[in-house]
Peer 1: 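Handing you this structure, nothing more for now.
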Amino acid sequence: MPTDHARLVDRVTTWYDDVARDLPWRSPDRTPWGVLVSEVMLQQTPVVRVEPVWRTWMSRWPTPTDLAAASTADVLRAWDRLGYPRRALRLAECARTIVDRHGGEVPDDEAALRALPGVGEYTAAAVRAFAFGRRAVVVDTNVRRLLARTVAGAALPAPSYTVAERTLAETVAPPEDVTAARWAAASMELGAVVCTARAPRCGACPVRDLCTWRAAGHPPDAHAGRRRVQAWHGTDRQVRGRVMAVLRGATGPVHRDLLADVGKDPAQVERCLAGLVEDGLVEQGADGRYALPLAPA
DNA sequence: GACTCGTGGGT
DNA sequence: TACCCAAGAGT
């Protein structure tokens, strides 16, 4: 099926050249560091929420050296409500690692990128493709869905990333650096704005005539009902989030009494505070009050 | 592999 | 309203 894959790549990349969103980390004057920051922020967080935070962040800490010197409290406040604040800690540690081991420059090879805190298979590939224009097999949730539909004929990919998907993505990715990098950006974009999870806009799709899922009459998700739903109400994550929101908004250390109402169960609040301290997101002073950590973690 | 980890908008 | 889901990583 190389011919079909080549047609898919050609159509999607041509479409992308016309309609790509004008995102700041795609600007011609972008830096590898700016790309890396965007990728970490975009992990599980929508573009619309990341963009303003990214702009402020890059203005304040334009290089890894700048971020490496920042206090943890400043980093966590700048992260604001992007969610999963441990990512912010990892990004700061990532900056320090880049300064210590790579002379302040974002590395461009796979192994060095993967060794950075907060950088996994996806992010390493994305940085190689988007920051350095290298061929990398970039597979995120958008690409998984796009390939599931167009090639595999399924409504949605399997709940967890499979070897078969990885192999398929490797096969579809074109061999040349420039084309592969374009395909990486274009396939993600199509999944994000047209081939969406809930209400795909097939009428606007440049490859609708090639789509196996469409040809099969849009069969329903075979994994429906077996997908684990993310619990939220009453969970530790909700309580942790409330604690972090209070501490971000506080000007100084906060007494435990002011944190009592973030959860119904005092034991849960206690457990969450201990976990946040353990994670390096919160510090408890000698007087017992809580605050965002001052020194770099 | 199964779990955990935030937040807010769309349907 | 309740649920779904978003450029994943680390344990």
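The structure presented is a predicted model; accordingly, all values stated were derived computationally and were not measured. Here is how names work: the chains are called A, B, and so on, in the same order as the sequence lines, proteins then strands, and each is numbered from 1.
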Peer 1: For A:V119, report the nucleic acid contact type (base, sugar-phosphate, nothing); a contact means any heavy atom under 4.0 Å.
Peer 2: sugar-phosphate
Peer 1: Is it true that a side-chain atom of A:T212 and a backbone atom of A:T150 form a donor plus acceptor pair closer than 3.5 Å?
Peer 2: yes
Peer 1: Give a yes or no on whether the backbone of A:D10 and the side-chain of A:T13 come within a donor-acceptor separation of less than 3.5 Å.
Peer 2: yes
Peer 1: Do the side chain of A:T162 and the main chain of A:A158 share a donor and acceptor less than 3.5 angstrom apart?
Peer 2: no
Peer 1: Taking A:R145 for the side chain and A:G191 for the main chain, is one N or O donor matched with an acceptor at less than 3.5 Å?
Peer 2: yes
Peer 1: Classify A:R114 by what it touches in the nucleic acid, base, sugar-phosphate, or nothing, heavy-atom distance under 4.0 Å.
Peer 2: nothing
Peer 1: If you find the nucleotide of DNA chain C closest to A:T196 and the one closest to A:R86, which residue's nucleotide is nearer the 5' end?
Peer 2: A:T196
Peer 1: Find the distance A:D279:CG to B:dT4:C1' and express it as a whole number of Å.
Peer 2: 10 Å
Peer 1: B:dG6 base to A:T45 side chain: any donor-acceptor pair below 3.5 Å?
Peer 2: yes
Peer 1: When all nucleic acid strands are considered with a 4.0 Å heavy-atom cut-off, which category describes A:W25: base, sugar-phosphate, or nothing?
Peer 2: base
Peer 1: Mind checking A:A126 for me? I need base, sugar-phosphate or nothing, with any heavy atom below 4.0 Å counting as a touch.
Peer 2: nothing
Peer 1: Considering every strand and a 4.0 Å limit on heavy-atom distances, what is the contact class for A:E121: base, sugar-phosphate, or nothing?
Peer 2: sugar-phosphate
Peer 1: Please state whether the phosphate of C:dG8, meaning OP1 or OP2, lies under 4.0 angstrom from any side-chain nitrogen or oxygen of A:Q44.
Peer 2: yes
Peer 1: More 5' along DNA chain C: A:P117 or A:R49, using each one's nearest nucleotide?
Peer 2: A:R49
Peer 1: Tell me what A:G120 touches on the nucleic acid: a base, only sugar-phosphate, or nothing, going by heavy atoms under 4.0 Å.
Peer 2: sugar-phosphate
Peer 1: Across the strands shown, which category fits A:V50 at heavy-atom distances under 4.0 angstrom: base, sugar-phosphate, nothing?
Peer 2: nothing
Peer 1: Would you mind classifying the nucleic acid contact of A:S38 as base, sugar-phosphate or nothing, using non-hydrogen atoms under 4.0 angstrom?
Peer 2: nothing
Peer 1: 5'-most contact on DNA chain B: A:Y161 or A:R248, nearest heavy atom basis?
Peer 2: A:Y161
Peer 1: Whole-Å distance between B:dG1 P and A:R166 CZ?
Peer 2: 16 Å
